[in-house]
Amino acid sequence: IRNLNLVNNYFEVKNLMLSKFNLEKLENLVLTNNQITYLDRESFSPNLKNLVRLILDENLIEILEARVFRHLAVLSFLSLNDNRISFINDLAFDGLYQLKTLLLSKNQIKSINQLTVNSLKKLNDLRLESNKLETIYLELNSLKKIYLGNNSLQRIHFYKESCNSGKLILFELDVTMNLFNNTAYNGIQFDCPIFLEDFYLNRNNLIIIRDQLGENITLLLNKNIKSIKRLFFEYNNFSNLKLFSLDSNLDAIESLSLE
């Protein structure tokens, strides 16, 4: 068996008895909408050594303990959307050396220790929409897409071990529906020069800051943002907009949306 779909049942992981079957060729396991409430180190046995994709959406999981996925060394896609997760152990994802996509949207997550995600050295796509995050620290090594919409964020800190290890590019950064405003424009901090393709700041409380003459209007962005291809500021508090300008260090923007 390479693909196993167990959607819309009443399974708990302990009742699946995955270790009792020959699943060494299994690559895709879907357990969406079951009755899974708890995961521990024995939930996924060593016979799942070739599992590449694991989906646990729409269950009742509240806690991710240390090394829950330790036997899934080649897993590249993990989805835990729409659970009740409020606590993630710092070592919850330890052993996921090949993980590229991590989906944790629609949970109850208030904070994530920077070690929790930063240990995932090949992670490209991180999704944490619709949680309760207020602050987050992320290391930008392999990350290319970051989705943080619909939280309570006022501060995000992106950093990297070395700023001299190649050009840093983010394809998408989405912080739609958070709490950034005119006093928190530095709430999105980059320690290294960054080149952004799509940057979404929709539905925050952004207020454009007037210059000394009270005429021109400037939105201040972090000085390390070196370029943005598409910039989205829709549904904010902009009014009486006469002139929109950006930091002089910022390259030309291909597309700007201010609906």
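We count residues from 1, following the sequence as given.
Ile228 and Tyr147 fall into different hydrophobic clusters, where Ile, Leu, Val, Met, Phe, Trp and Tyr side chains are chained together by heavy-atom contacts under 4.5 Å. In the hydrophobic clustering of ILVMFWY residues, with side-chain heavy atoms under 4.5 Å counting as a link, Leu72 and Ile36 come out together. Leu4 and Phe11 fall within a single hydrophobic cluster, where Ile, Leu, Val, Met, Phe, Trp and Tyr are joined by side-chain heavy atoms under 4.5 Å apart, directly or via other members. Clustering ILVMFWY residues whenever any of their side-chain heavy atoms sit less than 4.5 angstrom apart, transitively, puts Leu173 in a cluster other than the one holding Met177. In the hydrophobic cluster analysis, where Ile, Leu, Val, Met, Phe, Trp and Tyr join through side-chain heavy atoms closer than 4.5 angstrom, Leu170 is grouped together with Val175.
Looking at Asn150, its side chain never comes within 3.5 Å of a backbone N or O of Ser130 through a donor-acceptor pair. Looking only at distances, no side-chain donor or acceptor of Asn47 sits under 3.5 Å from a matching main-chain atom of Glu24. Counting only distance, with no hydrogens or angles, the side chain of Asn83 and the backbone of Ile61 share a donor-acceptor pair below 3.5 Å. No donor-acceptor pair under 3.5 Å is formed between the side chain of Asn89 and the backbone N or O of Ile63. Counting only distance, with no hydrogens or angles, the side chain of Asn131 and the backbone of Asn107 share a donor-acceptor pair below 3.5 Å. A donor-acceptor pair under 3.5 Å is formed between the side chain of Asn151 and the backbone N or O of Leu128. Under the 3.5 Å distance criterion, the side-chain polar atoms of Asn202 are left unmatched by any main-chain donor or acceptor of Tyr200. Not a single donor-acceptor pair under 3.5 Å links the side chain of Asn50 to the backbone N or O of Leu26.
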Leu138 vs His157, side chain to side chain contact (heavy atoms under 4.5 Å, CB included): CA-CA, chis, key distance, verdict: CA-CA 6 Å; Leu138 290 174; His157 187 169; over 6 Å; no
Audit row: Leu123, Leu102, side chain to side chain contact (heavy atoms under 4.5 Å, CB included) steps and yes/no: CA-CA 8 Å; Leu123 191 66; Leu102 177 59; 3.8 Å; yes
Tell me, with the steps shown, if Leu80 and Ile85 meet side chain to side chain contact (heavy atoms under 4.5 Å, CB included). CA-CA 9 Å; Leu80 288 152; Ile85 299 169; 4.0 Å; yes
Side chain to side chain contact (heavy atoms under 4.5 Å, CB included) assessment of Glu254 paired with Arg230: CA-CA 6 Å; Glu254 292 182 7; Arg230 290 167 290 274; 4.0 Å; yes
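In this structure, the separation between CG on Leu179 and CG on Leu153 is 8.0 Å, given to the nearest 0.5 Å. Interatomic distance, CD1 of Ile188 versus CG of Asn224, reported as 13.5 Å (0.5 Å rounding). Taking CD1 from Ile88 and CD1 from Ile109, the interatomic distance works out to 4.0 Å, rounded to the nearest 0.5 Å. Here the CG-CD1 distance, from Leu6 to Ile55, works out to 12.0 Å after rounding to the nearest 0.5 Å. Rounding to the nearest 0.5 Å places CG of Leu91 at 7.5 Å from OG of Ser119. Expressed to the nearest 0.5 Å, how far CG of Asp40 lies from CZ of Arg70 amounts to 9.0 Å.
When all heavy atoms of Phe69 and Ala92 are compared, the closest pair comes out as CD1-O, 3.7 Å. Here the shortest heavy-atom pairing between Leu64 and Val68 reads C-CG2, 4.2 Å. For Glu197 against Phe171, the heavy-atom pair with the smallest separation is CB-O, 3.3 Å. Contact between Tyr137 and Gln114 at its shortest, heavy atoms only, is O-CB, 3.8 Å. When all heavy atoms are compared, the tightest approach of Phe195 to Lys226 is CE2-CB, 3.7 Å. The shortest non-hydrogen separation linking Leu168 to Cys192 is CD2-CB, 4.3 Å.
Residues Asp57 and Thr32 have side chains that never bring a donor and an acceptor to within less than 3.5 angstrom of each other. A donor and an acceptor atom, one from each side chain of Asn9 and Asn34, are nowhere located under 3.5 Å apart. Between the side chains of Asn178 and Asn204, not a single donor N or O lies within less than 3.5 Å of an accepting N or O. With 3.5 Å as the limit, one finds no donor-acceptor pair spanning the side chains of Tyr10 and Asn33. No hydrogens or angles considered: nothing links the side chains of Gln108 and Ser86 as a donor-acceptor pair under 3.5 Å. Side chains of Ser257 and Glu234: a donor-acceptor N/O pair is present below 3.5 angstrom, by distance only. When only modelled atom types and interatomic distance are considered, Asp191 and Gln189 share a side-chain donor-acceptor pair under 3.5 Å. Using modelled atom types and a 3.5 Å distance limit, the side chains of Thr116 and Asn113 yield no donor-acceptor pair.
More than 12 heavy-atom neighbours from other residues, nucleotides or ligands sit within 6.0 angstrom of NZ on Lys144. The neighbour count for Lys121 NZ, taken as heavy atoms of other residues, nucleotides or ligands under 6.0 Å away, is above 12. In the displayed structure, Lys160 atom NZ is contacted under 6.0 Å by more than 12 heavy atoms of other residues, nucleotides or ligands. In the displayed structure, Tyr235 atom OH is contacted under 6.0 Å by at most 12 heavy atoms of other residues, nucleotides or ligands. No more than 12 heavy atoms of other residues, nucleotides or ligands lie within 6.0 Å of CD1 in Ile1, so this atom counts as exposed by the packing criterion.
Using a 4.5 Å cut-off on side-chain heavy atoms (C-beta onward), Phe77 and Leu75 make no contact. The side-chain heavy atoms of Glu65 and Tyr38, taken from C-beta on, include a pair separated by under 4.5 Å. Considering only heavy atoms from C-beta on, Ile169 comes within 4.5 Å of Lys167 through its side chain. Between Thr176 and Leu201, every side-chain heavy-atom pair lies at or beyond the 4.5 Å cut-off. Side-chain contact between Leu103 and Leu78 is absent, with no heavy atoms from C-beta onward closer than 4.5 Å. Side-chain contact check for Leu99 versus Lys122: every heavy-atom pair is 4.5 Å or farther apart. Side-chain contact between Val117 and Leu126 is present, with heavy atoms from C-beta onward closer than 4.5 Å. When side chains are defined from C-beta on, Phe199 counts as touching Ile225, because their heavy atoms get closer than 4.5 Å.
A salt bridge does not link Glu172 with Lys229: none of the charged nitrogens is closer than 4.0 Å to a carboxylate oxygen. Ion pairing between Arg67 and Asp94 holds under the 4.0 Å rule for side-chain N and carboxylate O.
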